[in-house]
Amino acid sequence: MRDYTELEKIRLAKLERLRAAGQEPYPTRAERSHTSAQALAEYAQHPPADTHTAAGAYTVAGRIKAIRVMGKSAFVHLEDGAGRLQLYFRTNDLGEERYRLFQDVFDLGDFVQASGGLFTTKTGEVTLWVKDFRMLAKAISPLPAAKEEIVDGQKRVYSAFDNPEARYRERYADLAVNAEVREIFRARARICSALRKFLDGQGFLEVETPILQPLYGGAAARPFVTHHNQLHQDLYLRISFELYLKRLLVGGLERVYEIGRDFRNEGVSFKHNPEFTQLEFYWAYADYEQVMRLTENMIAFVADEVLGTRTLTYQGQTLNLNPGWPRVPLAEGIAEFAGVDIHAHPTAAGLLRAMEAKGIHADPKSTRGKLVEKLLGDFVEPHLIQPTFIVDYPRDISPLAKARPGDDSVVERFEGYMAGFELCNAFTELNDPLDQEQRFIEMGRDYAADSEDTHPLDEDYLRAMRYGMPPNGGFGMGVDRLTMLLTDKATIREVILFPHLRSREE
RNA sequence: GGGCCGUUAGCUCAAUGGCAGAGCAGGUGCCUUUUAAGCACUUGGUUGGGGGUUCGAGUCCCUCACGGCUCACCA
């Protein structure tokens, strides 16, 4: 038996008192004729002649958010999924005994059902004049209490439940108490719907590919490992969808996408959660130029659908999401912001010397591609506030992308940036099985040089490609990051319902 | 993994090394159109855990746990 707090013991006693009075604290069924918003809308459309007398018949259900008792009457705020509605309880209407029952055993956080007509109070709030009420679910533990006040139309919250750790660990309490948190996840759902609507409209097919994979690939990340008992087989949780989605192009599905979970066994930060939601699509006969245009249109479409505008404020910065993002070759961006001409330094050693000359220090074992990435991340990325495509990446950090015709050292790849961080990554996909095999082998060498684990070589993927893969453009985007941007949240944990936290001993 | 900061009542926060407090929530009263309702009284603490210094530790030191920020890592 667990230890209840003093506050919980008081509520347990109230629960017993409710039972003693013949009311079930957790009845099986509830009734509801109107949501709070429906009731208010109906009243507004057909206001009674005398607004101070209860009119109509409404039954509402929801959670008690505020109680103001004044002797023999009480005002209560009820919150449901649509909003809130004030309830008015009065001894005259309910009788001494029922009124006392309400006053004595109904608490903040309880789910209740109430019926009556609507009227307008002296202070102008449309309110349900309660003729009947009952408990729907008694709350034993008090929700983190917050108080709200409306000052000049602005909501002010006092003693808000805002300790991040507590909010993430008890997200249910966070959601119950902080209405704006519920809005984040409504927006998130609309973002996913808008992405699907856009891609479906472009003739893409939504598919599902394995999360448990015998080999992992498609990105540079350490995987989570798990085990199938009966098959005596170790399996990896996928780090990307790429290699499976491209197998589908081999199979003749020309436009496919997947929205789902990726798992990366790496550091946690304001923009990294160990599991995160990714959108990837692959588009046969398209190249990265077409994918760029589709990307701009997709982001603008989502902004229209979710925000109703293409201008948004992110952490105090105004972002313009209209299509027509600048295309900045990676080498130009680095030249501008880091003052290093990477074209002039085709070898890792040469580039490293050029960087050292600028006072930029890097791991001397880095490949040239790694050095270029460091320059991009440290010097260019922070400047990319407005939506920008950085294009044309070094071949050795892009093993699944196709080389640029006429320049083997550069691949047709772009990354979309805004607000100073990477949003998406895409390329003209490599579809030459012999080149792909060579790249995999090169990557293995690079990993060895970096003293990382050797990346597994996916033979089955090469077999698929040998059957013939149409030329195609592919795309990947972090849906969590897009949600951060559109909801103006500074950390990924705010847009994931249950972000990963270290376990805590009870 | 490193650095810095933090953890005090259900929630939000105070407290020169010297009696652990406030507001809200809770309880008991008063109050039949309130809205952070109001008024009076009042309960509530292993100050994250453990160890140390000290006559005396929420406060200083060590250590562990968890979190925040940041750096590193993240083709």
Side-chain angles (χ1 to χ4, degrees), chain A residues 4-11 13-14 52 65-77 84 86-94 99 104 107-109 119-125 127 129 139 141-151 155-170 173 177 217-222 239-240 264-272 274 363 366-370 372-374 377-378 393-401 411 413 422 425 427 439-440 442-444 446-447 450 452 455 490-491 493 499 501-505:
Chain A
Y4 288 101
T5 65
E6 189 183 347
L7 296 178
E8 288 169 335
K9 284 173 185 161
I10 289 165
R11 286 177 173 225
K14 290 177 175 182
H52 296 294
K65 298 292 285 198
I67 301 178
R68 292 179 291 280
V69 173
M70 283 159 305
K72 299 200 162 44
S73 74
F75 286 94
V76 166
H77 267 120
R84 57 168 47 190
Q86 185 169 251
L87 311 180
Y88 182 45
F89 292 78
R90 217 175 59 145
T91 306
N92 297 25
D93 308 306
L94 299 165
Y99 180 80
D104 291 350
D107 286 304
L108 296 180
F119 76 110
T120 305
T121 63
K122 255 190 215 169
T123 51
E125 182 162 353
T127 299
W129 200 310
S141 305
L143 283 168
K147 282 237 169 190
E148 294 171 5
E149 180 187 26
I150 311 288
V151 178
K155 190 161 87 171
R156 247 196 251 169
V157 182
Y158 302 84
S159 300
F161 180 50
D162 66 359
N163 177 280
E165 179 179 0
R167 286 181 47 233
Y168 303 144
R169 285 192 194 281
E170 299 194 18
V177 155
R222 287 171 210 256
I239 59 171
S240 89
R264 297 190 181 174
N265 207 338
E266 281 162 6
V268 176
S269 81
F270 75 94
K271 52 182 176 177
H272 299 271
D363 183 349
S366 297
T367 62
R368 181 172 179 278
K370 286 260 192 191
V372 170
E373 262 190 339
K374 180 177 173 59
D378 290 358
Y393 282 68
R395 180 182 188 269
D396 68 303
I397 52 170
S398 313
L400 300 162
V411 294
R413 171 179 174 188
E422 179 193 339
N425 179 21
F427 23 92
R439 302 278 200 100
F440 278 159
E442 284 174 21
M443 286 314 289
D446 276 349
Y447 268 94
D450 227 348
E452 296 271 356
H455 212 64
T491 88
R493 291 181 292 271
L501 296 177
R502 226 179 280 259
S503 305
R504 200 168 195 181
E505 288 169 38

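Chain identifiers are assigned alphabetically (A, B, ...) following the order of the sequence lines, protein sequences preceding nucleic acid strands; residue numbering begins at 1 within each chain.
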Notebook entry, point to check: Looking at the side chain of L7(A), which of rU12(B), rG26(B), rG67(B) is the nearest nucleotide?
Noted result: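 It is rG26(B).
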Check: Among rC13(B), rU32(B), rC69(B), which is the nearest nucleotide to the side chain of D162(A)?
Finding: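 Comparing rC13(B), rU32(B), rC69(B) against the side chain of D162(A), the answer is rC13(B).
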Notebook entry, point to check: According to a 3.5 Å limit on both distances, what stems of 3 or more consecutive Watson-Crick or G-U pairs are formed with RNA chain B?
Noted result: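 RNA chain B stems, ordered by first number: B:1-7 with B:65-71, B:10-13 with B:21-24, B:26-30 with B:38-42, B:48-52 with B:60-64.
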Next item on the list: Assess whether side chain to side chain contact (heavy atoms under 4.5 Å, CB included) is satisfied between E165(A) and E170(A), documenting all intermediate values.
Entry: CA-CA 8 Å; E165(A) 179 179 0; E170(A) 299 194 18; over 6 Å; no
Note to self: Can you see whether Y168(A) has R493(A) sitting over its ring - NZ or CZ less than 6.0 Å from the centre and within 45° of the normal?
What the structure shows: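 No.
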Got [X] and [Y] here, is their nearest side-chain heavy-atom distance under 4.5 Å?
X	Y	answer
F440(A)	L400(A)	yes
R169(A)	L501(A)	yes
R68(A)	Q86(A)	yes

Item checked: Check: rU34(B) base within 3.5 Å donor-acceptor of Q86(A) side chain ->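 Such a pair exists between side chain and base.
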Item checked: Quiz item: T121(A) side-chain donor-acceptor pair to rU34(B) base, under 3.5 Å ->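 Result: at least one qualifying N/O pair found.
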What's the [atom1]-[atom2] distance between [X] and [N], to the nearest Å?
X	N	atom1	atom2	answer
L108(A)	rG10(B)	CG	C1'	12 Å
I397(A)	rA75(B)	CD1	P	9 Å
F270(A)	rA72(B)	CZ	P	12 Å
K271(A)	rC74(B)	NZ	P	13 Å
N92(A)	rU33(B)	CG	P	10 Å
F89(A)	rU33(B)	CZ	C1'	15 Å
F75(A)	rU34(B)	CZ	P	7 Å
N163(A)	rG6(B)	CG	C1'	10 Å

Notebook entry, point to check: Should D162(A) and R167(A) count as an ion pair when the cut-off is N to O under 4.0 Å?
Noted result: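 No, this pair does not count.
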Next item on the list: Using a strict cut-off of less than 4.0 Å between a Lys/Arg side-chain nitrogen and an Asp/Glu carboxylate oxygen, indicate whether K271(A) and E422(A) qualify as a salt bridge.
Entry: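 Here K271(A) does not pair with E422(A) in a salt bridge, since their nearest N and O are not under 4.0 Å apart.
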Check: Given M70(A) and F75(A), is the side chain to side chain contact (heavy atoms under 4.5 Å, CB included) satisfied, shown in steps?
Finding: CA-CA 8 Å; M70(A) 283 159 305; F75(A) 286 94; 3.4 Å; yes
Less than 4.0 angstrom between a side-chain N/O of [X] and OP1 or OP2 of [N], yes or no?
X	N	value
K14(A)	rG27(B)	yes
R169(A)	rG67(B)	yes
K9(A)	rG26(B)	no

Using the [atom1] atom in both, what is the distance from [N] to [M], to the nearest Å?
N	M	atom1	result
rG44(B)	rG38(B)	C1'	24 Å
rG58(B)	rC66(B)	P	25 Å
rC11(B)	rU63(B)	P	29 Å
rA9(B)	rC62(B)	C1'	28 Å
rU54(B)	rU42(B)	P	41 Å
rU28(B)	rG67(B)	C1'	39 Å
rG21(B)	rC64(B)	P	33 Å
rA65(B)	rA25(B)	P	39 Å

Margin query: Donor-acceptor pair, distance only, cut-off 3.5 Å: does the side chain of R90(A) make one with the backbone of A74(A)?
Written below: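 Between the backbone of A74(A) and the side chain of R90(A) there is no qualifying donor-acceptor contact (under 3.5 Å).
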Check: Under 3.5 Å, side chain of S240(A) to main-chain N/O of G217(A), donor-acceptor pair present?
Finding: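 The answer is yes, because a donor-acceptor pair under 3.5 Å joins these two groups.
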Checking all strands, does [X] fall into the base, sugar-phosphate, or nothing category for heavy-atom contacts under 4.0 angstrom?
X	result
I10(A)	sugar-phosphate
T491(A)	sugar-phosphate
Y88(A)	base
R493(A)	sugar-phosphate

Checklist line | Worked verdict on K14(A) versus D107(A) for salt bridge (Lys or Arg N to Asp or Glu O under 4.0 Å) | finding: CA-CA 9 Å; K14(A) 290 177 175 182; D107(A) 286 304; 2.6 Å; yes
Item checked: 5' priority, RNA chain B, between W129(A) and L501(A) [closest heavy atom] ->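 Nearest-nucleotide comparison on RNA chain B picks W129(A).
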Checklist line | 5' precedence on RNA chain B between P144(A) and K72(A) (nearest-nucleotide basis) | finding: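 Between the two, 5'-proximity favours P144(A).
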So which protein N/O to nucleotides 36-45 of chain B N/O distances come out below 3.5 Å?
{"residue": "rA36(B)", "atom": "O4'", "partner": "E148(A)", "partner atom": "O", "Å": "3.0"}
{"residue": "rA36(B)", "atom": "O3'", "partner": "K147(A)", "partner atom": "NZ", "Å": "3.3"}
{"residue": "rA37(B)", "atom": "OP1", "partner": "K147(A)", "partner atom": "NZ", "Å": "2.2"}
{"residue": "rA37(B)", "atom": "OP2", "partner": "R68(A)", "partner atom": "NH1", "Å": "3.0"}
{"residue": "rA37(B)", "atom": "N7", "partner": "V69(A)", "partner atom": "O", "Å": "3.4"}
{"residue": "rA37(B)", "atom": "N6", "partner": "V69(A)", "partner atom": "O", "Å": "2.9"}
{"residue": "rU43(B)", "atom": "O2'", "partner": "E6(A)", "partner atom": "OE2", "Å": "3.4"}

Next item on the list: Specify whether Y88(A) and W129(A) have parallel, tilted or perpendicular ring planes, treating 30° as the upper limit for parallel and 60° as the lower limit for perpendicular.
Entry: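 Rings of Y88(A) and W129(A): perpendicular, as their planes differ by over 60°.
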